[in-house]
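Below you'll find the structure, written out as structure tokens, and then a few comments.
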Amino acid sequence: MAGTMITDQVYYVGMDDRTIDLFESQYKVPEGVSYNSYVIVDEKTAVMDTVDGRATKGWLENVGEVLGDRTPDLLVISHMEPDHSGSIQALAERYPQMKLVGNAKTFAMLDQFFVMDLTDRKVVVKEGDRISLGKRSLEFFMAPMVHWPEVMVAYEPVGKILFSADGFGKFGALGEEKLQKTAGPDWADEARRYYFNIVGKYGAPVQALLKKAAKLDIAAICPLHGPVLTKDLGYYIGLYDTWSSYRAEEEGVVVAYASIHGHTAAAAKELAKRLEEKGNKTVEVYDLSRCDMSEVVTAAFRYDKLVLASATYDGGLFPPMEDLLHHLKAKAFQGRRVGLVENGSWGPLAAKAMQKLLEEMKDIQVCEKTVTIRSALKPQDLAGLEELAERL
């Protein structure tokens, strides 16, 4: 339904995309994704961001349904990534009197994406600037590197609404449920995967934004993906504080293995069994040759311990393990205890290669015990797995 009212004078006009298979051409989104946009109708009207070019036609209809005969006075551009900026030109051409609101970096980037004549149409804002719409107003706060350098958020004090750009977003289309009714795993699971794989590298900038938000009286958070958050805001903000501080969210062990012929897999599963026997309530096992990489990256950040089990391959790491470690490094993985299991028929070198990559990450404590399997798992290897489980 177009034009869903969020609160008096504020409408949701975003679009669901259920045809997309990979978000950012790498993250599987079996439940699709939403491109969120909002309209504030006051003495002046403001459109809050646009949508991906895949959804321009339906979005323009939504905007038109809310505006009726009115022309939007302002388009506020909080983020220039194409899934949010993809329809800027279409809206600007439909409403040639409309002005575009952004910061200096917004407009530098706009010129890279579009060829548009913005003479007398730019409204450049900076930290703390406020634009009156009538009864309502918008106050702007810069949020560089959350997760692009031009990102800014806007606060509307009458409705106590934070338009949070990509912050507090999640994967998944919305259907008719534009507002999140309760806090819990149904939101957190895909929000967590979204955060760590997209925003995760930028924990410090997120912390800076949370400090700004802490000074505001917020009753609703309107992100650019996922539902509007209006209840239990402390739950969502608390998770973001944990995630962006790189603290483990829960106690648990992730066992990720890269196995060529199944022997390293057998060792990893045996270790997982022994970890469970020692009282670890959560032990998640991932086959790196088959699992969704974004899920194992998310799990590695979620829990406080990680086991990496890899076969040696061409004198180094079996590529699925190398891929995981490069993903973790790119997302600033840090502050975890890690156990290593290696396998090799004539020259086991996987542990050395894993250790080298882990040394490039911050505050990683590698367990003193490394388990080396030579080819197949044998009875004499079990004592080593038992010791590693004990030390973890």
Side-chain angles (χ1 to χ4, degrees), residues 36 78-79 127-128 139-149 151-157 160-172 179-252 254 282 294-295 297-306 327-337 361-365:
N36 295 351
S78 67
H79 186 17
E127 180 79 15
E139 186 174 359
F140 297 95
F141 299 91
M142 301 302 111
M145 301 318 301
V146 185
H147 58 117
W148 278 25
V151 173
M152 65 183 189
V153 302
Y155 177 67
E156 196 290 293
K160 302 178 182 178
I161 301 170
L162 179 67
F163 295 94
S164 62
D166 268 346
F168 301 95
K170 69 181 285 288
F171 294 129
L179 279 73
Q180 184 75 17
K181 295 181 179 178
T182 58
D186 60 325
W187 180 86
D189 285 346
E190 286 294 70
R192 184 185 296 107
R193 186 165 72 95
Y194 177 90
Y195 176 86
F196 283 117
N197 287 279
I198 295 175
V199 187
K201 178 180 179 180
Y202 305 106
V206 173
Q207 281 285 304
L209 179 58
L210 289 176
K211 286 180 173 63
K212 294 179 183 182
K215 299 176 182 179
L216 304 173
D217 184 7
I218 300 172
I221 299 174
C222 291
L224 288 180
H225 296 292
V228 174
L229 308 176
T230 59
K231 295 181 179 180
D232 304 314
L233 296 187
Y235 170 80
Y236 306 108
I237 294 170
L239 282 177
Y240 255 65
D241 181 50
T242 296
W243 297 344
S244 58
S245 299
Y246 300 101
R247 302 192 305 271
E249 187 180 339
E250 302 175 46
E251 291 185 355
V254 172
T282 302
S294 71
E295 291 182 358
V297 167
T298 303
F301 278 99
R302 181 175 184 175
Y303 300 110
D304 62 337
K305 292 181 283 292
L306 172 66
H327 274 81
L328 291 175
K329 179 186 174 184
K331 301 305 177 184
F333 186 69
Q334 57 187 268
R336 298 297 189 273
R337 184 162 173 78
M361 304 177 205
K362 181 181 177 182
D363 192 25
I364 299 296
Q365 182 185 5

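Salt-bridge annotation for D241 and R247: present, with a side-chain N of the basic residue lying under 4.0 Å from a carboxylate O of the acidic one. Remark: E295 does not engage R193 in a salt bridge, criterion side-chain N to carboxylate O under 4.0 Å.
Proximity of a side-chain donor or acceptor of Y155 to a complementary backbone N or O of L216 within less than 3.5 Å is not detected. The main-chain N or O of M142 is found under 3.5 Å from a side-chain atom of E127 such that the two form a donor-acceptor pair. Between the side chain of K331 and the backbone N or O of T298 there is no donor-acceptor pair closer than 3.5 Å.
Here the side chains of W148 and D166 are not in contact, with every heavy-atom distance at 4.5 Å or above. The shortest distance between side-chain heavy atoms of Q180 and Y236 falls below 4.5 Å. Between H327 and S294, every side-chain heavy-atom pair lies at or beyond the 4.5 Å cut-off. For the pair V153 and V146, the minimum side-chain heavy-atom distance is 4.5 Å or more. The closest side-chain heavy-atom distance from M361 to K329 is below 4.5 Å. Side-chain contact between V206 and Y195: present, with at least one pair of heavy atoms (C-beta onward) separated by less than 4.5 Å. S78 is not listed as a side-chain neighbour of F140, based on a closest heavy-atom distance of 4.5 Å or more.
Taking NE2 from H147 and CD1 from I198, the interatomic distance works out to 6.0 Å, rounded to the nearest 0.5 Å. To the nearest 0.5 angstrom, F168 atom CZ is 9.0 Å from L239 atom CG. Taking NZ of K181 as the reference point, atom CG of D186 lies at 11.5 Å (rounded to 0.5 Å). A distance of 9.5 Å separates CG of L233 from CG of L162, quoted to the nearest 0.5 Å. Atom CG in D189 sits 10.5 Å away from atom CH2 in W187 (nearest 0.5 Å). Rounded to the nearest 0.5 angstrom, I364 CD1 and Q334 CD are separated by 7.5 Å.
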- With side chain to side chain contact (heavy atoms under 4.5 Å, CB included) as the test, would you mind laying out the steps for L306 and L328 before giving the verdict? CA-CA 12 Å; L306 172 66; L328 291 175; 4.2 Å; yes
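The neighbour count for K201 NZ, taken as heavy atoms of other residues, nucleotides or ligands under 6.0 Å away, does not exceed 12. Sparse packing is recorded around CD of E251, with 12 or fewer heavy atoms of other residues, nucleotides or ligands lying under 6.0 Å away.
V254 and A300 get closest at one heavy-atom pair: CG2-N, 4.1 Å. Heavy atoms only, all atoms of each residue included: M145 and Y202 are closest at O-CB, 3.0 Å. Nearest approach of R337 to Q365, heavy atoms of both residues: NH1-NE2, 2.9 Å. Residue P223 comes nearest to S164 through the heavy atom pair CA-OG, 3.3 Å, listed as atom of the first residue, atom of the second, then distance. Smallest separation of non-hydrogen atoms from G226 and N36: O-ND2, 2.6 Å. The two residues C222 and I161 come nearest to each other via the heavy atoms SG-CG2, 3.6 Å.
Using the six-membered ring where Trp is involved, F301 and F333 have ring planes that are perpendicular, over 60° apart on the 30 and 60° scheme.
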